[in-house]
Each structure stands twice: as structure tokens, then as C-alpha cells.
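Notes for the one structure printed next.
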Amino acid sequence: MNFTRLIAVRHGETAWNVDTRIQSHLDIPLNDTGLWQARQVAQALLHEDIHAIYTSDLRRAAQTARHVGEAKALPVHDELALRERGFGEFEGQTYAEIQERWPEESVRWRKRDPHFAPPGGGESLLVFGDRILQAVHRLAARHAGQQILLVAHGGVMDVLYRAATHLDVQAPRSWHLGNAAINRLLWTPDGLSLVGWADTQHLEDGTRDETTA
């Protein structure tokens, strides 16, 4: 069978999500709400036929993934290529601080300039998107005919949604990227298609949506 079913989950909530602070490659753990969300994801996927679990190696994603792995008695594989977008000097800053310290760069970021890379070694949207889609293609091709779980970040989920729905990288976002939401896609060698998005039935209260990390 020349297809792979993908379950893609954004990590649970962190304190920096609450503060709207850019996490990027900084290794921020889940807060108490995020740990609860991770347990809820594990219960929601307990009876799913999942053949492999891959996660960003950053702690907030890895913690989320390992709750599922423990519940299903499956190993969890760290995948560096599933990390959040690199934000360079924007890392650790709130949205308001970025706007104040880098006003011109902030405008390019907010307008989703595909060629803009944050100062200090950040990734452009084009470079980031290419990294994510190459990683997903490689992992999905490895599991043809199976279903796998990918646990990553808000920016990663955004790349997957745009690829599956053929939306331009600069198109305004109108879809949810909540913490611990369950998203479903289908991969074939021709690309991704959307099966279901932003399922939060397993969460009793609202999930936090944010623009980037």
C-alpha cells in the first residue's frame, strides 16, 4: 500500500505558551496543564493502531510523546528534524518585545515574508517548511501502509496543514493550532492530504492557540 496515515499532535502547554514567549529551540518543559493534556492525548490514542512514534527532541514535545508511548508500550524515537522553526535572536522574547526591539523585522515576520529569517541564525519559512516536509516524507515512506504518530510544534503543524490543503505560505491563518490537538493526514508519494484537524474532544477545557512556537 502506497500511503501512510499520520496522526500529528502539537505538544502540551508550557509556561512560555501562556506568556506568548518564543520558545523555538529552547528546551522548555510542559507546565501542569501541559502534562494533563499529554495524559489526555495518551488516553485518546490508547486504542489507535499506531506502528511508530516520532517526536521532536525538544522536551515539551518529547514529554507529550512519551506519555503516549508509555500508554501503548511503544518506543518513542527522537527526530531532530521535527524541531520548531529556528528563531535566532527572537528566542526567549515575547511578541511585544520583538515588536519593540526589532520593529522592521517584526513587520516582515508578521506578514509571513517567506524569505525572512530572524536575526542571529533564524530560519526562513521556506527553509523551515522544506526541512519539515522532507522529514515527514522520509518517515512516512518508511511506514507505507501503516499509521504513525508525529509529536511536534505549532509551526510544524502549520506547515503540514498548508501542504495538505495547498495553501500558500503567506496565506492568512484561519485554522487552529491548539496545544495537544489531534490532527490527521494521509501521505502518499505525491504529498499530503487532510483527513481531520484540531480534534480536542479529549480535552475538557480550551487549548491555547499561538502564532508560532
Side-chain angles (χ1 to χ4, degrees), residues 4-85 132 135-136 138-140 142-143 146-161 164 175-187 192 194-210 212-213:
T4 304
R5 290 172 293 146
L6 306 178
I7 301 174
V9 174
R10 185 184 174 210
H11 61 78
E13 185 183 270
T14 72
W16 282 23
N17 288 145
V18 178
D19 293 341
T20 67
R21 192 174 296 279
I22 299 294
Q23 297 171 104
S24 187
H25 293 175
L26 298 179
D27 210 11
I28 311 303
L30 299 178
N31 61 15
D32 287 344
T33 297
L35 290 169
W36 175 81
Q37 290 171 336
R39 293 191 293 270
Q40 295 300 106
V41 171
Q43 287 302 305
L45 299 180
L46 185 60
H47 301 296
E48 290 274 354
D49 186 18
I50 295 173
H51 289 83
I53 300 173
Y54 295 95
T55 180
S56 160
D57 66 319
L58 295 171
R59 188 163 26 159
R60 56 194 183 273
Q63 284 180 296
T64 305
R66 283 178 172 75
H67 274 83
V68 182
E70 290 170 6
K72 296 188 67 63
L74 285 173
V76 174
H77 305 283
D78 287 351
E79 183 61 49
L80 183 67
L82 292 178
R83 279 188 170 200
E84 181 60 281
R85 178 183 176 186
I132 296 305
V136 170
R138 171 170 49 84
L139 297 173
R142 184 184 300 169
H143 293 278
Q146 299 177 332
Q147 178 168 251
I148 62 175
L149 171 65
L150 308 176
V151 182
H153 307 270
V156 176
M157 299 300 126
D158 185 70
V159 169
L160 297 181
Y161 187 93
W175 51 96
H176 195 52
L177 299 177
N179 290 107
I182 295 174
N183 310 295
R184 298 178 188 271
L185 306 103
L186 189 70
W187 174 90
L192 294 168
L194 196 63
V195 177
W197 196 259
D199 179 2
T200 58
Q201 293 183 49
H202 54 292
L203 304 175
E204 295 178 356
D205 52 15
T207 54
R208 190 174 303 276
D209 187 42
E210 67 180 15
T212 52

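Predicted, not measured: the structure shown is a model, and the values here were computed from it. Hydrogens, waters and symmetry mates play no part in the numbers below; they use all other heavy atoms, side chains included. Residue numbers start at 1 and run along the sequence shown.
The minimum heavy-atom distance linking A61 with V151 is given by the pair O-CG1, 3.4 Å. Heavy atoms only, all atoms of each residue included: V136 and L160 are closest at CG2-CD2, 3.8 Å. The two atoms that bring L82 and H153 nearest to each other are O-CD2, 3.4 Å, heavy atoms only. Nearest heavy-atom pair, G34 versus L30, reported as atom, atom and distance to 0.1 Å: O-CD1, 3.7 Å. Across T200 and A181, no two heavy atoms sit closer than the pair CG2-CB, 3.8 Å. The nearest pair of heavy atoms linking H176 to A198 is CB-CB, 4.0 Å.
With a 4.5 Å cut-off on side-chain heavy atoms, N183 and R10 do not count as touching. When side chains are defined from C-beta on, W16 counts as touching L26, because their heavy atoms get closer than 4.5 Å. Residues Q147 and I7 are in side-chain contact: their nearest non-hydrogen atoms beyond the backbone lie under 4.5 Å apart. Side-chain contact check for Q37 versus E13: some heavy-atom pair is nearer than 4.5 Å. Counting heavy atoms from C-beta outward, N31 and W36 have side chains that stay 4.5 Å or more apart. Looking only at side-chain heavy atoms (C-beta outward), E84 and R60 come within less than 4.5 Å of each other. With contacts defined as side-chain heavy-atom distances shorter than 4.5 Å, the pair T64/T55 does not qualify.
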Practice task
Walk me through it: do R66 and D78 pass the test salt bridge (charged side-chain N to carboxylate O under 4.0 Å, His left out)?
Solution key: CA-CA 10 Å; R66 283 178 172 75; D78 287 351; 3.2 Å; yes

Exercise for the section: Any chance you could lay out the side chain to side chain contact (heavy atoms under 4.5 Å, CB included) test for R5 and L186, step after step, and finish with the verdict? Expected result: CA-CA 5 Å; R5 290 172 293 146; L186 189 70; 3.8 Å; yes

Handout entry: Worked verdict on L192 versus Y161 for side chain to side chain contact (heavy atoms under 4.5 Å, CB included)
Key = CA-CA 9 Å; L192 294 168; Y161 187 93; over 6 Å; no

Practice task
Evaluate the side chain to side chain contact (heavy atoms under 4.5 Å, CB included) criterion for residues H67 and L35: first the C-alpha distance (whole Å), next the side-chain angles of each, then the deciding distance (0.1 Å), finally the verdict.
Solution key: CA-CA 9 Å; H67 274 83; L35 290 169; 4.1 Å; yes

Practice task
Verify side chain to side chain contact (heavy atoms under 4.5 Å, CB included) between W175 and D158, making sure each step is shown before the conclusion.
Solution key: CA-CA 9 Å; W175 51 96; D158 185 70; 3.2 Å; yes

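When each of Q146, K72, H143 is tested with I50 by the rule side-chain contact (heavy atoms from CB on, under 4.5 Å), just one qualifies, namely K72.
In this structure E48 satisfies the salt bridge (charged side-chain N to carboxylate O under 4.0 Å, His left out) test together with R184, sequence neighbours excluded. By the salt bridge (charged side-chain N to carboxylate O under 4.0 Å, His left out) test, R138 is found to be paired with E79, residues two or more places apart in sequence or in another chain being considered. V159 pairs by the side-chain contact (heavy atoms from CB on, under 4.5 Å) definition with F128, I132, L133, not counting sequence neighbours. For R142, there are no salt bridge (charged side-chain N to carboxylate O under 4.0 Å, His left out) partners at least two apart in sequence or on another chain. Remark: D57 pairs with R83 by the salt bridge (charged side-chain N to carboxylate O under 4.0 Å, His left out) rule, at least two apart or across chains.
To the nearest 0.5 Å, atom CD of residue Q40 and atom CG of residue L203 are 6.5 Å apart. Separation of atoms CD1 (I148) and CG (L139) is listed at 5.5 Å; rounding is to 0.5 Å. Separation of atoms CG (L150) and CH2 (W187) is listed at 12.5 Å; rounding is to 0.5 Å. Summarising the geometry, atom CG belonging to L74 is positioned 4.5 Å from atom CD1 belonging to I53; distances are rounded to the nearest 0.5 Å.
The salt bridge (Lys or Arg N to Asp or Glu O under 4.0 Å) contacts involving residues 22-39 comprise nothing, where partners must be two or more places apart or lie in separate chains.
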